[in-house]
Number of protein chains: 2
Amino acid sequence: MNKLRAIQLFVRLAELGSFTRVAEQLNTSKSVISKEVSRLEEDLGVRLLHRTTRNVQLTHAGEGYLQRAREILAQLEAADSFVQDLQQVPRGRLKINAPMALGITELSRMFADFMRAYPDIELDIHLGDEDVDLVEQGFDLGFRASSQPLDLAYVGRPLTRFGYHVCAAPQYLQQHEPIVSVDDLRSHNCFEYSYFKGRNVWPLDEGVSIGGTLRVNSVIFMLSAIKSGLGLGLVPEFLCREALASGELAEVLPNARKPELTLYALYPARHFVPARVLQCIDFLEAWFLRQR
Amino acid sequence: MNKLRAIQLFVRLAELGSFTRVAEQLNTSKSVISKEVSRLEEDLGVRLLHRTTRNVQLTHAGEGYLQRAREILAQLEAADSFVQDLQQVPRGRLKINAPMALGITELSRMFADFMRAYPDIELDIHLGDEDVDLVEQGFDLGFRASSQPLDLAYVGRPLTRFGYHVCAAPQYLQQHEPIVSVDDLRSHNCFEYSYFKGRNVWPLDEGVSIGGTLRVNSVIFMLSAIKSGLGLGLVPEFLCREALASGELAEVLPNARKPELTLYALYPARHFVPARVLQCIDFLEAWFLRQR
DNA sequence: ACGTCTGTTTCCATTTTGAAAACAACTGGT
DNA sequence: ACCAGTTGTTTTCAAAATGGAAACAGACGT
C-alpha cells in the first residue's frame, strides 16, 4: 500500500462523497480507490467510512482522521515547496547587522559580490557597534567578531579569523621616542576604542595599560587620527592592511603576542530558517574561503 | 515510489549517516535505500544529501526537509494513534454540565448506564441551571434544552424532544375553582421558575400572565410544592411523567398548545475533539433513541 | 598501490498494481 | 412490489514496480 496516496484518496473521497466520482476526477478506476482506501483502513485497524450503495459517510474515527490528514498533506506540500524554492533564485529582503569598521571594509566588498550574485535579494544593512538583539530588532543575520565561541540563542558560523596590529604613522614614530618593548607604550599617545572590552588595557603579551588624548567609538575615525600622525592605535588587520602595505602606516611591536578574533555570521536559532538566509550564509562561507 | 516510506528512510538515513547501516537496521538491502531516497530526490527535484564514499551529509535543502519530515511523521503517527485509541475502551475524565432537574431524572439513569458501559471513564458532573461557559469552565460536554437551534461556538447534537405539562395535586384542584381555559390560570396560585425565559408568562396557546406565592430556581423544589397541594406548575414532561401516571398529580389543560423543547448535547467546537467525548455523544444518541 | 569500505547500478525473479468486467447490494421511481 | 440503475467490491490477468544479489565505481587509509 502507498499510504500517502491512500490518505490523499481518503481525503478526496471524504470531500466528494463517492468512490466513482473520485475515480473519475483522477482518471482511474474505482477499484483502485476502493482497494487503496480499504488497505488504509486495514492498516489502521479502523473503519473510516460507512458505505451504503447510495452514499459514503465518515465514521467518527474518519472525521478525526480527515482533519489530521488534511493538515499532514498541507505540511507535506509546504515541505516540498520549501526545498524546491531553495533551488530557485532566492528573493526577498535580508536585514543585516554588522560592525561599522567591518562593514565599511571587507563586508562592503563581500556584499557587492553578493548583490551581483543574487540580484533579486534586497539588502537592508545596519552598521553599528552597539550590542543589538537580532531577534528583537528583526535582523535575519548579524556579524560578530569574538574570541570565544558565541552567544546561545543564535547559530554561529565561523567565517574567517583576523588579528590586530599596533599602528602609527611613520611621521609620529620619527618624532617620538622609539618603541621597542610593550612597556614603552605607557609613555605614548595611545588611542582608545570605546567599545573595546579591555578598555584601556591593550592585550599585548601580558597586557599593558595605555592612555592618550583620544577615546572614540569608531575605529575608522581613530585610523584617520593615526594616519595624521597624532598617535598610536590597536587596529584590526583588515582595516590597516592596505595602509601598512603602502607605507602610509607602520607597524609597531610586530612580534608582541596579540589576540586573534574569529568573525562569525550569526542568525537567530528559529524553528525554520528562511531559505534566503541559508543561501546567504552559504555564500558568505564560500566568499571568505576564496579570500584566503 | 512509496513517498512516505522514502521520507522515513531519508530521516533514518540522516540520523544514522550511512545507507549501509539503515539497510542493516531495517533488514533490507542497501540498494533499496539508495533507490528509494534517490526517487524521493528526483520527485522533489532537489538533492537532499551529499554522498561521498566515506560519509553522507545533509545539504541545506536536506536539513530543512529533515525538520519538516520529522514533524510530518510525528503527526501521522499521532493521527494513527488517534483513530486506534478511538477503538479502545475510552478512558480519562469527562467534565459534564447539565440542568439540575434533568440531571436528577433522565440523565441520572442515562449516566448510570454509561458508567456501566465505560467503567474506565471518570465522570465529573456539575448540575446547575445557571448559564455557564463550557470552554471557560473546562467542560467537555453540556446539556441544554432549547426550542431554537443553538449557540454558535458549540457543536450541538439533538438527543430527544420533550414537552411541558401544567400539573397540580388532585387535592388542590378539588379545593379551588375548576380550570377550563387558559385564562382561568390568572386567578390561581401558579408557581414561577426563576430561570424560565418567559418569566411570569406561561407559553400556553397565546401566552398567559400568571402569578403565585412561589418563585424558585429549582423545578424539583417546585414539584414538591405542587405535590403538597399548594399550587400549579408548568413542569417538564420527564419530571412529572411518573407522578401523572400514578395519579399523584393531575394534568390541567391537557389540550392547550405548549412548547416543545429539544434536548441538545453541546461540546466546544475545538480543533480536535477528544475521543472519549465523541464516544460519549455516540452513547447518548443511542441511549435516547432506545428510550423512544 | 592496494585493499576495503562506501553508495550506485544492473539484472531478473517476485510481488504488487491497475483497468475492465463481473458481482453484489441497495435505492428510488413507477 | 418490483425492476432498473447506481453504487462499492471482488475477480482476473497483463503490466509495472519492487527488492535482493552481485557487479560496479569511487574514495579513503595504510
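Worth saying up front: this structure is predicted, and the values here are computed from it rather than measured. In what follows, every chain begins at residue 1, and chains take the letters A, B, ... in the order their sequences are listed. Values below: all heavy atoms of this structure, side chains included; hydrogens, waters and symmetry mates excluded.
- Applying the 4.0 Å criterion to OP1 and OP2 of C/dA19, one finds that A/Thr28 has a side-chain N or O inside that range.
- Rounded to whole Å, atom C1' of D/dT9 lies 18 Å from atom NE2 of A/His50.
- Heavy atoms of other residues, nucleotides or ligands lying less than 6.0 angstrom from CD of A/Glu260 number more than 12.
- Toward the 5' end of DNA chain D, the nearer of the two residues B/Asn2 and A/Val56, judged by each one's closest nucleotide, is A/Val56.
- Of the residues near DNA chain C, A/Glu36 and A/Thr52, the one whose nearest nucleotide (by heavy atom distance) lies more toward the 5' end is A/Glu36.
- Contact check on A/Arg70 versus A/Glu15 returns a salt bridge, with a Lys/Arg side-chain nitrogen under 4.0 Å from an Asp/Glu carboxylate oxygen.
- Counting to the nearest Å, the P atom of D/dA17 and the CZ atom of B/Arg5 are 15 Å from each other.
- Judged purely by distance below 3.5 Å, without hydrogens or angles, the side chains of A/Arg12 and A/Gln25 pair a donor atom with an acceptor atom.
- A/Met1 places its CE atom 14 Å from the P atom of D/dT18, with the value rounded to the nearest Å.
- In this structure, the CG atom of A/Asn27 is 16 Å from the C1' atom of C/dA20, given to the nearest Å.
- Rounded to an integer number of Å, the gap from NZ of B/Lys30 to P of D/dG20 is 14 Å.
- Applying the 4.0 Å criterion to OP1 and OP2 of D/dT18, one finds that B/Arg39 has a side-chain N or O inside that range.
- With rounding to whole Å, B/Leu13 atom CG is found 13 Å from C/dT6 atom P.
- Contact between the side-chain N/O atoms of B/Arg51 and the OP1/OP2 oxygens of C/dT6 is not found at any separation under 4.0 Å.
- Following rounding to the nearest Å, B/Asn55 (CG) and D/dG26 (P) show an atom-to-atom distance of 18 Å.
- Among the nucleotides D/dT9, C/dC11, D/dA22, the one closest to any side-chain atom of B/Lys35 is C/dC11.
- Between the side chains of A/Arg47 and A/Thr59, no donor-acceptor pair of N or O atoms lies under 3.5 Å.
- Residue B/Thr20 is classed as a sugar-phosphate contact, given heavy-atom separations below 4.0 Å to backbone atoms only.
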Run the numbers on B/Glu106 and B/Arg241 for salt bridge (charged side-chain N to carboxylate O under 4.0 Å, His left out), then give the verdict. CA-CA 11 Å; B/Glu106 299 271 290; B/Arg241 193 183 302 138; 3.6 Å; yes
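- Between the base of D/dG20 and the side chain of B/Ser31 there is a donor-acceptor pair shorter than 3.5 Å.
- Between the CD atom of B/Glu24 and the P atom of C/dC5 there is a distance of 12 Å, given to the nearest Å.
- Closest to the A/Ser34 side chain, of the nucleotides C/dA19, D/dT10, D/dG20, is D/dT10.
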